[in-house]
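Taking it in order: structure first as structure tokens, then the write-up.
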Amino acid sequence: MKTSRPIRARINPAAFRRNYLLAKRLAPGTKAWAVVKANAYGHGLWRMAEAVREVADGFAVLEVETAAALREAGYQQPILMLEGFFSPRDLAMIEALHITTAVHCQEQLDAVLKHGKPLPGGVYLKMNTGMNRLGFTAKDFSVALAALQQVPGLSITLMNHFAEADGERGIGEQLDRFKAMSGNWTGPVSLANSAAVLRHPTAHGAWIRPGIMLYGASPFADQTAEALNLEPVMSLESRIIAVQDVPAGERVGYGGTFTAEGPTRIGIVACGYADGYPRSAPNGTPLAVHGQRTGLVGRVSMDMLACDLTHIPEAGIGSPVTLWGKGPAGEVSADEVATAAGTISYELFCAVAPRVPVEVVADGGF
Ligand SMILES: *Cc1c(COP(=O)(O)O)cnc(C)c1O
């Protein structure tokens with residue numbers, strides 16, 4: 001619903017397309033799943049899918065219903081269900097619509113074997129090399145692989161997911177285990193999330209699985225999206241709806257967690273945790289107002305938050321505010337906001353609330 005309340009999520013599909021093409025350039029010779037699970041990380045599945053319709057090698061999703069909806073809309077690329085099916089009943093649809101399904105546990109394996117008919121989309125056999133979330137460990141993997149190899153005409157890709165591709169420990173241990181488990185496997189493998197695409201070129205495999213980088217955020221704590229040449233796709237925008245001139249010693253907001261040290265000009269922004277802005281964001285969390293950066297003041301309320309306008313005298317009621325992204329009020333990366341709030345950009349994007357109207361922006365128009 002369009003509202004006259006000024007908050008907006010502005011989405012630039014062209015930036016998503018460029019980020020996807022960058023991921024492809026970073027992994028030459030591989031194909032790239034555009035990971036569009038979770039409503040395309042909160043950006044809107046259809047907007048993002050449409051943006052890469054002509055260039056995407058495939059789409060990675062969670063639900064069979066999402067896969068089916070993409071087929072229904074005429075997408076002919078491979079579609080991967082990252083966690084496989086949640087009910088064996090889904091196999092009929094997976095077969096009919098040429099969907100590729102992960103197989104991560106014995107129950108899924110049994111269902112595929114029992115299904116009997118070949119699955120034209122093939123399977124991704126998921127290996128647990130140390131993430132300890134989904135997949136077959138060394139103990140059960142070769143039996144699982146051998147069983148799938150008995151299904152005539154079934155194409156198999158080995159799949160691994162890195163737990164620390166963005167961190168100091170990196171991928172070494174998991175990659176060693178992957179190699180030990182896969183032995184003399186010469187078929188396709190799919191290993192890399194965004195962090196591995198960007199930092200671990202030895203682990204690109206045949207199909208990369210970039211997610212967060214497509215949305216213009218960095219998977220790393222120590223490298224910005226800008227330094228990685230990624231463009232923000234979403235900006236969260238609003239406006240100042242009230243201004244308070246408070247004398248020294250006054251507190252601001254619930255719990256009085258901010259006390260003015262001197263005379264302070266406070267701007268009230270139409271954005272709160274019910275819009276998806278993190279309530280955990282502390283004093284000083286960056287935002288931009290009227291072309292200048294400033295900091296959050298006091299606790300985030302349900303529908304409002306406060307910021308310091310003392311050094312931005314030209315800002316007043318109606319001034320544009322960029323909570324994150326690149327907008328008319330300035331630029332603040334979602335990663336900076338996420339770090340300040342003790343979370344990651346993924347969570348900020350996914351948390352943008354349904355009540356926030358979305359505006360699709362033309363390329364170049366922020
Ligand atoms: C979400 C997901 C990805 C994408 O991860 P990013 O860190 O966003 O790049 C890749 N692989 C699997 C299995 C996933 O679930």
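Counting convention: from 1, in listed order, for ligands and their atoms alike.
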Identity and separation of the nearest protein heavy atom to atom 8 (O) of ligand 1: Y41 OH, 2.6 Å
Ligand 1 versus E83: contacting region, heavy-atom distance under 4.0 Å: neither
Within one Ile-Leu-Val-Met-Phe-Trp-Tyr cluster: V55 and L70, side-chain cutoff 4.5 Å: yes
Nearest-0.5 Å distance that lies between atom CZ in F141 and atom CG in N128: 11.5 Å
Taking atom 12 (C) of ligand 1 as the reference point, the nearest protein heavy atom with its distance: H161 CE1, 3.4 Å
Evaluation steps, salt bridge (Lys or Arg N to Asp or Glu O under 4.0 Å), between E83 and K37: CA-CA 11 Å; E83 298 174 11; K37 65 189 180 189; over 6 Å; no
Short N or O distance, I212 and ligand 1, threshold 3.5 Å exclusive: yes
Proximal atoms of ligand 1 relative to K37 (non-hydrogen, under 4.0 Å): 1 (C), 2 (C), 3 (C), 14 (C), 15 (O)
Joint cluster assignment, L191 & L134, ILVMFWY side-chain distance < 4.5 Å: no
Residues R10, E237: salt bridge by 4.0 Å N-O rule: no
N/O donor-acceptor pair under 3.5 Å between E250 side chain and P247 backbone: no
Nitrogen or oxygen atoms of K126 and ligand 1 under 3.5 Å apart: no
Salt bridge present between R5 and D275 (N-O < 4.0 angstrom): yes
Closest protein heavy atom (residue, atom, distance) for atom 11 (N) of ligand 1: R209 NE, 2.9 Å
Validation row, ring centre Y215 to ring centre F349 under 6.0 Å: no
Ligand 1-proximal atoms of M159, by part, heavy-atom distance under 4.0 Å: side chain
Top protein contact for atom 9 (O) of ligand 1, by heavy-atom distance: S194 OG, 2.5 Å
Numbering as shown, the atoms of ligand 1 that approach G211 to under 4.0 Å (heavy-atom distance): 4 (C), 6 (P), 8 (O), 9 (O)
Protein contact to atom 7 (O) of ligand 1 [nearest heavy atom, distance to 0.1 Å]: Y346 OH, 2.6 Å
